[in-house]
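As structure tokens, the structure follows; a few thoughts come after it.
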Amino acid sequence: MSERDPVVIAETPRLLLRSWLERDRDLFREINADPKVMEFFPFRRSHAEADQLMDRVNGMIRDDGLGFYALELKETGEAMGFCGLAPANMPEIFPIGTIEIGWRLATRFWGNGYVTEAAEATLTHGFDQHGLPHIISFAVAGNARSIAVMRRLGMQHRPDLDFDSPRVPDTHLHLKRHVTYQRLCPAAAAGDMG
């Protein structure tokens with residue numbers, strides 16, 4: 001993909017949500033290895049693992065428009081993190097085809113409302129461009145920052161969908177319990193996921 005030709009997913013007054021560019025690689029490595037950013041994950045990614053993930057995410061964005069989009073600050077043109085949509089890929093927890101919204105931001109950009117702004121545009125994109133009936137988000141039960149974003153987005157807690165993550169090893173029991181929030185498409189009449 002050309003540096004001059006990213007796939008643009010959405011735009012807000014301050015932000016551009018787009019495919020990843022080669023110049024974003026250091027930022028992608030940073031957010032996947034930073035202990036503060038990854039506080040609620042049982043692992044950190046090496047540079048090689050982050051590179052593989054970035055390439056895979058970019059392939060998803062090119063293939064069907066879903067993926068964790070690079071979050072660019074329009075004022076400076078720099079990538080800050082990501083916000084995007086992806087299959088939940090946990091058939092033991094959610095029905096196949098369930099789409100989640102997720103985000104990750106380098107710590108120096110925290111506290112400016114960027115994630116909420118990006119996530120609102122991402123939800124609109126999911127509903128309007130992909131026809132999704134609902135979008136979920138989930139986080140470790142103790143992740144107050146992410147849960148606060150979900151609430152600001154008007155997402156509703158779904159206690160019936162809270163779960164112990166099969167992706168978290170027993171060595172990290174404090175990270176197993178996850179809470180699930182959901183937002184319905186504005187046109188959706190029913191709130192049932194099944």
Side-chain angles (χ1 to χ4, degrees), residues 1-12 15-34 37-38 40-73 77-106 114-139 146 149-150 153 155 165-168 178 180-183 185 193:
M1 177 153 302
S2 164
E3 284 288 307
R4 288 176 245 161
D5 190 27
V7 176
V8 175
I9 302 298
E11 190 171 349
T12 74
L15 309 171
L16 198 64
L17 283 84
R18 58 164 172 77
S19 57
W20 294 89
L21 302 172
E22 194 59 36
R23 67 175 189 251
D24 304 326
R25 206 166 283 278
D26 285 343
L27 179 280
F28 197 84
R29 291 169 177 167
E30 174 191 340
I31 62 174
N32 280 281
D34 184 313
V37 175
M38 299 292 285
F40 294 100
F41 292 84
F43 59 86
R44 310 293 176 264
R45 288 191 173 90
S46 68
H47 281 190
E49 291 167 334
D51 286 349
Q52 289 175 348
L53 179 60
M54 183 175 137
D55 294 340
R56 190 168 76 239
V57 167
N58 242 1
M60 289 174 60
I61 294 168
R62 282 193 308 270
D63 290 347
D64 63 13
L66 295 178
F68 293 117
Y69 319 123
L71 186 52
E72 177 183 306
L73 184 60
E78 66 184 313
M80 302 184 293
F82 67 69
C83 183
L85 302 168
N89 283 336
M90 284 195 283
E92 66 276 23
I93 310 289
F94 303 112
I96 291 172
T98 299
I99 300 297
E100 66 161 312
I101 183 171
W103 46 78
R104 196 169 299 161
L105 199 64
Y114 294 134
V115 167
T116 303
E117 184 176 329
E120 188 61 56
T122 301
L123 288 166
T124 299
H125 172 76
F127 295 137
D128 293 352
Q129 302 303 313
H130 294 277
L132 299 173
H134 51 78
I135 297 170
I136 64 162
S137 189
F138 49 85
S146 280
V149 171
M150 296 174 200
L153 293 169
M155 301 186 89
S165 177
R167 299 176 182 168
V168 176
H178 281 60
T180 302
Y181 280 69
Q182 175 184 274
R183 184 153 138 191
C185 173
M193 285 194 60

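Keep in mind that the numbers below use all heavy atoms, side chains included, and drop hydrogens, waters and symmetry copies. A quick note: this is a predicted structure, and the numbers were derived from the prediction, not measured.
By the side chain to side chain donor-acceptor pair (under 3.5 Å) test, Arg183 is found to be paired with Glu120, residues two or more places apart in sequence or in another chain being considered. The side chain to side chain donor-acceptor pair (under 3.5 Å) search around Glu30 returns Arg108, not counting sequence neighbours. Scanning for side chain to side chain contact (heavy atoms under 4.5 Å, CB included) contacts around Val115 gives Trp103, Leu105, Val149, with sequence neighbours left out. Under the salt bridge (Lys or Arg N to Asp or Glu O under 4.0 Å) criterion, Glu11 pairs with Lys74, not counting sequence neighbours. Every residue two or more places apart in sequence or in another chain that forms a side chain to side chain contact (heavy atoms under 4.5 Å, CB included) with Ala86 is listed here: Met60, Phe68. For the salt bridge (Lys or Arg N to Asp or Glu O under 4.0 Å) test, residues two or more places apart in sequence or in another chain that qualify with Arg18 are Asp24, Glu72. For His130, the ring pair (Phe, Tyr, Trp, His ring centres under 6.0 Å) partners are His125, not counting sequence neighbours. Annotation: side chain to side chain donor-acceptor pair (under 3.5 Å) contacts of Asp26 (sequence neighbours excluded): Arg29. In this structure, Ser165 has no side chain to side chain donor-acceptor pair (under 3.5 Å) partners at least two apart in sequence or on a different chain. Tyr181 is linked by a ring pair (Phe, Tyr, Trp, His ring centres under 6.0 Å) to His157, counting only residues two or more places apart in sequence or in another chain. Residues that satisfy the salt bridge (Lys or Arg N to Asp or Glu O under 4.0 Å) test with Arg25, not counting sequence neighbours, are Glu22, Asp51, Asp55.
Between Leu73 and Tyr114 there is a side-chain heavy-atom pair separated by less than 4.5 Å. In this structure, Pro87 and Ile99 have side chains that are in contact, with non-hydrogen atoms separated by less than 4.5 Å. Residues Leu53 and Asn32 have side chains in contact (heavy-atom distance under 4.5 Å, counting atoms from C-beta outward). Looking only at side-chain heavy atoms (C-beta outward), His134 and Cys185 stay at 4.5 Å or farther from each other. Using a 4.5 Å heavy-atom threshold, the side chains of Val8 and Leu17 count as separate.
Between the CE atom in Met150 and the OG1 atom in Thr116 there is a gap of 11.0 Å [rounded to 0.5 Å]. For the atom pair Asn58 CG and Trp20 CH2, the distance stands at 8.5 Å (nearest 0.5 Å). Taken from CD1 in Ile101 to CD1 in Ile135, the straight-line distance is 6.0 Å, to the nearest 0.5 Å. Note: Ile31 CD1 to Arg104 CZ = 6.0 Å, rounded to the nearest 0.5 Å.
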Task: Criterion side-chain contact (heavy atoms from CB on, under 4.5 Å) on Phe94 and Thr180, from CA distance to verdict - done: CA-CA 10 Å; Phe94 303 112; Thr180 302; 3.8 Å; yes
TODO: Take Leu66 and Ile61 through the side-chain contact (heavy atoms from CB on, under 4.5 Å) test and state the conclusion after the steps.
DONE: CA-CA 5 Å; Leu66 295 178; Ile61 294 168; over 6 Å; no
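Seen from the ring of Phe41, Arg167 does not count as a face-on cation partner, given the 6.0 Å and 45° thresholds.
For residues 78-90, the side-chain hydrogen bond (donor to acceptor under 3.5 Å, both in side chains) pairs, not counting sequence neighbours, are Thr76-Glu78.
Closest approach of Ser19 and Ala70 over heavy atoms only: O-CB, 3.9 Å. Here the closest heavy-atom approach between residue Ile96 and residue Pro91 is recorded as CG1-CB, 4.1 Å. Of all the heavy atoms in Gly126 and Leu85, the pair that sits closest is CA-CD1, 3.6 Å. The shortest non-hydrogen separation linking Leu21 to Met54 is O-CE, 3.3 Å. Listed here is the closest heavy atom pair of Arg44 and Ala33: CD-O, 3.7 Å.
Of the possible polar contacts, one joining the Thr122 side chain to the Ala118 backbone as a donor-acceptor pair under 3.5 Å is found.
Checked by atom type, the side-chain pair Glu100/Ser137 shows no donor-acceptor distance below 3.5 Å.
Using cut-offs of 30° and 60° on the angle between ring planes, the pair Phe82 and Phe28 is tilted.
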